[in-house]
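Worksheet: one structure, shown below.
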Amino acid sequence: MSSPRLVSTHMPYTSLSDSIKYHSKSRIVYISRNPLDVIVSYWYFVNNLSERNHDINKCTIEDFVDIFCGGKNNFGPYWDHVLGFWKASLENPEKVLFLKYEEMKEDTIGQAKRIAKFIGLPFTQEEENSNGVMDQILEMCSFNKLKDLNVNKQGKFKPHLDNKFFFRKGETGDWINHLSRSMVERLR
C-alpha cells in the first residue's frame, strides 16, 4: 500500500511487531471504552453472529459477563489489552495516543484537534476559525454517517458477517439497560 496508510485492528499491543512499536514513524491511536458498554456491545455483536453462523452459540448476558470476566475474548483479557496500550502511551506518548470513547463523545472537537496534532496534521487557525470546517469534518466522521454508508448497511466483511453488525447505537451508558448490579460489581 502506498503511504500514508491507515490500519485498524483489535490486536493487543504486545502482539504488534517491533517495527510498528519502535522502529517506524507510525503512530498508534488507541480508543478505549467503558468495559460495561464494551460487554453489552460485544454481546450484541456475538449474538448477531450466532444468528448467521451456526458454529457460534447465542448466549445470555449473564453468560457473556462470565466469558468477559474470565478473559476468554478473541483478543485476550480486556484489562490486559487496555493496559498494554495505556502503559505504552505513558512510556512513549509521541508514538501512542490513548483516548477514551466517552471523552470523544463529550468533547468531539477537542479530541479531533488532539488526534490531528498527534498524527502531525494539526488544524490551522484558519481551519479552526472558518465557519463550518470542523463541523463538516466531524459530520463526515460521525457514527451516524458511517453507519448510513451503503457499504456498511449492505456490505459484508465475511460471508456470514454483515458490516452493519459493527454498528449498533454508538452511545455511552447503555450498559445500565442490560447489566444487573451484581454483574457491574464483578467488573469494578
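Residue numbers count from 1 along this sequence.
- Sequence neighbours left out, the pairs with a member in residues 63-78 that pass salt bridge (Lys or Arg N to Asp or Glu O under 4.0 Å) are D66-R186.
- Of all heavy-atom pairs between D37 and G173, the closest is OD2-N, 2.8 Å.
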Test F167 against L146 for side-chain contact (heavy atoms from CB on, under 4.5 Å), laying out the working first. CA-CA 9 Å; F167 299 89; L146 294 173; 3.8 Å; yes

For I137 and F123: C-alpha separation, side-chain torsions, deciding distance, then whether side-chain contact (heavy atoms from CB on, under 4.5 Å) applies. CA-CA 11 Å; I137 291 169; F123 292 102; 3.4 Å; yes

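- Cluster annotation: L121 and V29 are assigned to the same hydrophobic cluster (Ile/Leu/Val/Met/Phe/Trp/Tyr, side-chain heavy-atom contacts under 4.5 Å, transitive).
- Annotation: the span from M134 atom CE to L138 atom CG amounts to 5.0 Å, rounded to 0.5 Å.
- Taking the six-membered ring for Trp and thresholds of 30 and 60 degrees, F68 and Y78 have ring planes inclined between 30 and 60 degrees apart.
- Applying the 6.0 Å contact sphere to CG of L90 captures more than 12 heavy atoms from other residues, nucleotides or ligands.
- The number of heavy atoms from other shown groups lying within 6.0 Å of NZ (K100) does not exceed 12.
- In the hydrophobic clustering of this structure, L179 does not group with Y101; members are Ile, Leu, Val, Met, Phe, Trp, Tyr whose side-chain heavy atoms approach within less than 4.5 Å, directly or through other members.
- Each side chain to side chain donor-acceptor pair (under 3.5 Å) pair with one or both residues in residues 137-146, not counting sequence neighbours, would appear here, but there are none.
- No donor-acceptor pair closer than 3.5 Å links the side chain of K21 to the backbone N or O of K95.
- Among residues two or more places apart in sequence or in another chain, the salt bridge (charged side-chain N to carboxylate O under 4.0 Å, His left out) test is passed with R33 by none.
- The structure places CD of E62 at 11.5 Å from NE2 of H178, a figure rounded to the nearest 0.5 Å.
- Heavy-atom neighbours of H23 NE2 from other residues, nucleotides or ligands within 6.0 Å: above the threshold of 12.
- Considering only heavy atoms from C-beta on, I20 stays 4.5 Å or farther from V7 through its side chain.
- Under the 30°/60° scheme for interplanar angles, the aromatic rings of F64 and Y42 are found to stand perpendicular.
- Linking ILVMFWY side-chain heavy atoms closer than 4.5 Å, directly or via other members, places I115 and I31 in a single hydrophobic cluster.
- The shortest heavy-atom contact between H81 and H10 is NE2-O, 2.5 Å.
- Sequence neighbours left out, the pairs with a member in residues 171-181 that pass salt bridge (Lys or Arg N to Asp or Glu O under 4.0 Å) are R168-D174, K169-D174.
- In this structure, OG1 on T172 lies 11.5 Å from CG on L36, to the nearest 0.5 angstrom.
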Apply side-chain contact (heavy atoms from CB on, under 4.5 Å) to residues I39 and W175 and explain how you reach the verdict. CA-CA 8 Å; I39 287 173; W175 62 267; over 6 Å; no

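- By the rule that hydrophobic residues join a cluster once side-chain heavy atoms approach within less than 4.5 Å of another member, V38 and Y44 end up as members of one cluster.
- Among pairs with a residue in residues 103-123, those fulfilling salt bridge (Lys or Arg N to Asp or Glu O under 4.0 Å) read K113-E128, at least two apart in sequence or across chains.
- Without hydrogens or angle criteria, W43 side chain to C59 main chain gives a donor-acceptor distance under 3.5 Å.
- V151 and F143 fall within the same hydrophobic cluster, where Ile, Leu, Val, Met, Phe, Trp and Tyr residues are linked whenever their side-chain heavy atoms come under 4.5 Å apart, directly or through other members.
- With rounding to the nearest 0.5 Å, the separation of CG in L99 from OH in Y30 is 11.0 Å.
- Counting non-hydrogen atoms of other residues, nucleotides and ligands closer than 6.0 Å to CD of E126 gives a total of 12 or fewer.
- S19 is linked by a side-chain contact (heavy atoms from CB on, under 4.5 Å) to S17, counting only residues two or more places apart in sequence or in another chain.
- Here OG1 of T14 is found 8.0 Å from CZ of F85. Values are rounded to the nearest 0.5 Å.
- For the atom pair S41 OG and N34 CG, the distance stands at 11.5 Å (nearest 0.5 Å).
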Would Y13 and L83 count as a side-chain contact (heavy atoms from CB on, under 4.5 Å) if you check the C-alpha gap in whole Å, the side-chain angles of each, and the deciding distance to 0.1 Å? CA-CA 9 Å; Y13 185 77; L83 287 173; over 6 Å; no

